[in-house]
Amino acid sequence: MGRVIDQYNRACQSLAGGVSSSTRLNKAVGHAMYFDRADGCRLWDLDGKEYLDLCCSHGATLLGHGDRRVREAVEKALNRGAACSYENEQHAELAELLCDVIPCLERVRFTGSGTEATMHCIRLARAFTGRPKLLKFEGNFHGYHDQVMYAIGTPADQLGSEENPTPYPGSTGMPPGLQDQIIVVPYNRVDLLEKAFREHAHELAAVIGEPIYYNAGCILPTREFLTALRSLTQKHGVLLIFDEVLSAFRMCVGGAQEYLGVTPDLCTLGKAVGGGYPLSVFGGRRDIMDRLMPIGDCQHSGTYNGHPVVVAAALAAIRAYREPGFYDHIHAVSKVLLDGLTQLFTKHQVAAHVQGLGARFGIYFGLMDQARNYRDAVQHQRAHMLRFIKAAIKHGVYFHDYGGAACHHGFCAAMTVNDAEEALRRLDAALATIT
Ligand SMILES: Cc1ncc(COP(=O)(O)O)c(C=O)c1O
């Protein structure tokens with residue numbers, strides 16, 4: 001890793017922490033990774049070493065690196081001059097496509113990152129309901145703005161009681177008092193959700209949640225939890241926001257809301273929606289979205305919103321997700337990879353549990369039962385996970401460690417069953433070195 005390490009040392013002299021984004025440092029190897037090029041499901045680092053990618057740009061690269069359809073769409077947009085801060089015909093084309101495929105969408109807005117999407121969605125929910133507070137689930141992650149940076153990576157010894165979880169801040173620098181606007185409830189606890197509604201429904205603008213809790217690996221909501229969530233929010237006029245930044249397009253084209261059969265009032269999309277380019281979306285019921293300026297009174301604007309290059313990339317990507325057989329392939333690769341991983345852990349006598357849905361999954365070291373919420377996930381053996389990721393990287397499989405509770409991993413559609421089997425062979429060799 002000579003050139004990779006040299007590059008890290010060089011970057012540390014001018015980039016804070018050597019990276020453009022804090023979680024880009026891979027704690028398993030102790031530095032950021034520096035890649036020279038990528039193609040499909042493979043990456044090559046600055047030293048020329050090749051990896052099968054099981055991070056996939058934190059979920060943004062669902063098609064695969066350098067997908068031809070996306071690249072051609074981007075090239076066309078560049079050839080048209082890529083005039084940003086103006087609208088062209090592709091904005092409405094993309095909006096129509098999204099409203100067609102995602103169940104809750106009647107109107108959308110484009111913005112740049114998942115963080116921006118949840119920030120604007122929450123402001124809109126407050127504007128529409130005239131209420132101040134937000135209910136979020138313990139551990140669910142909604143980006144890096146102050147409104148939601150609570151109870152995301154709470155250390156196990158700081159959690160507080162399940163009845164009253166600590167709104168543990170995810171960063172310094174947030175204004176005191178902001179945590180008073182947040183009600184935290186553990187995921188999948190219907191009784192505690194009902195209790196929170198008895199106490200706070202009158203002051204809640206919205207409930208925001210990950211409909212599939214991928215940020216702790218892959219945790220599914222129970223049917224009772226989802227039913228309670230939709231009926232309590234409807235009964236009390238509280239808006240239900242599904243944060244589908246990570247879950248959208250992962251297991252079916254309509255995202256978690258289609259998969260689960262529950263339609264929220266608003267949702268956010270990010271990562272895969274842009275086909276590897278920086279687009280995010282928020283949207284939902286028309287009556288709520290009509291509160292946005294210029295027809296309503298709630299502000300959402302931005303110079304780079306709906307940049308023509310990313311809009312073109314998103315159109316190409318979503319059309320690719322809609323191609324016949326796309327999700328059959330995702331589910332076929334998922335089965336080979338996840339079953340294979342489980343068999344490898346058994347073979348090497350590693351206590352680890354694999355949970356996944358569609359193109360993303362989590363590995364819980366030291367847990368043999370299903371993880372149901374953050375409190376389960378945070379019990380996983382982090383040191384063991386870091387050893388596994390380090391050995392995997394050494395043997396040519398790229399996993400990323402984000403810090404905190406169990407991580408989410410994933411593959412892209414460019415990965416074939418043969419590639420998945422190759423990844424398993426490399427991981428077999430990697431596991432042999434750490435057990
Ligand atoms: C569910 C969810 N919401 C929001 C975000 C923030 O997205 P971004 O990193 O694009 O700001 C993420 C990022 O991981 C996410 O997983």
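Atoms within each ligand, like the ligands themselves, are counted from 1 in listed order.
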Tell me which donor-acceptor pairs under 3.5 Å the side chains of residues 385-394 have, and how far apart each pair is, sequence neighbours excluded?
none

Open item on the list: For the 3.5 Å polar cut-off, considering only N or O atoms, please tell me whether Tyr144 and ligand 1 meet it.
Closed with: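 In this structure, Tyr144 places no N or O atom under 3.5 Å from an N or O of ligand 1.
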- [ ] With His408 as reference, evaluate Arg360, His400, Arg250 under the side chain to side chain donor-acceptor pair (under 3.5 Å) test and give the passing residue.
- [x]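 That would be Arg360; it is the only one of Arg360, His400, Arg250 passing the side chain to side chain donor-acceptor pair (under 3.5 Å) with His408.
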Between [Y] and [X], do the side chains contain a donor N or O and an acceptor N or O under 3.5 Å apart?
X: His91; Y: Glu89; result: no
X: His329; Y: Tyr327; result: no
X: Tyr277; Y: His307; result: no
X: Thr118; Y: His145; result: yes

Proximal ligand 1 atoms for [X], defined as those under 4.0 Å from one of its heavy atoms:
X: Asp243; answer: 1 (C), 2 (C), 3 (N), 4 (C)
X: Gly114; answer: 6 (C), 7 (O), 8 (P), 10 (O), 11 (O)
X: Ser113; answer: 10 (O), 11 (O)
X: Phe141; answer: 1 (C), 2 (C), 3 (N), 5 (C), 12 (C), 13 (C), 14 (O), 15 (C)
X: Leu246; answer: 16 (O)

- [ ] Please state whether Glu244 comes within less than 4.0 angstrom of ligand 1, counting heavy atoms only.
- [x] no
- [ ] Would you please determine whether His142 falls within less than 4.0 Å of ligand 1 on a heavy-atom basis?
- [x] yes
- [ ] Give the residue, atom name and distance (to 0.1 Å) of the protein heavy atom nearest atom 16 (O) of ligand 1.
- [x] Asn215 ND2, 2.9 Å
- [ ] Among all protein heavy atoms, pick the one closest to atom 11 (O) of ligand 1 and tell me residue, atom and distance.
- [x] Thr115 OG1, 2.6 Å
Task: Asn26 side chain vs Phe399 backbone, donor-acceptor pair below 3.5 Å - done: yes
Open item on the list: For Ala216, is there any backbone N or O sitting under 3.5 Å from a side-chain donor or acceptor partner on Tyr364?
Closed with: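 At least one qualifying donor-acceptor pair exists.
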Task: Heavy-atom nearest option to atom 14 (O) of ligand 1, drawn from His58, His408, Lys271 - done: Lys271
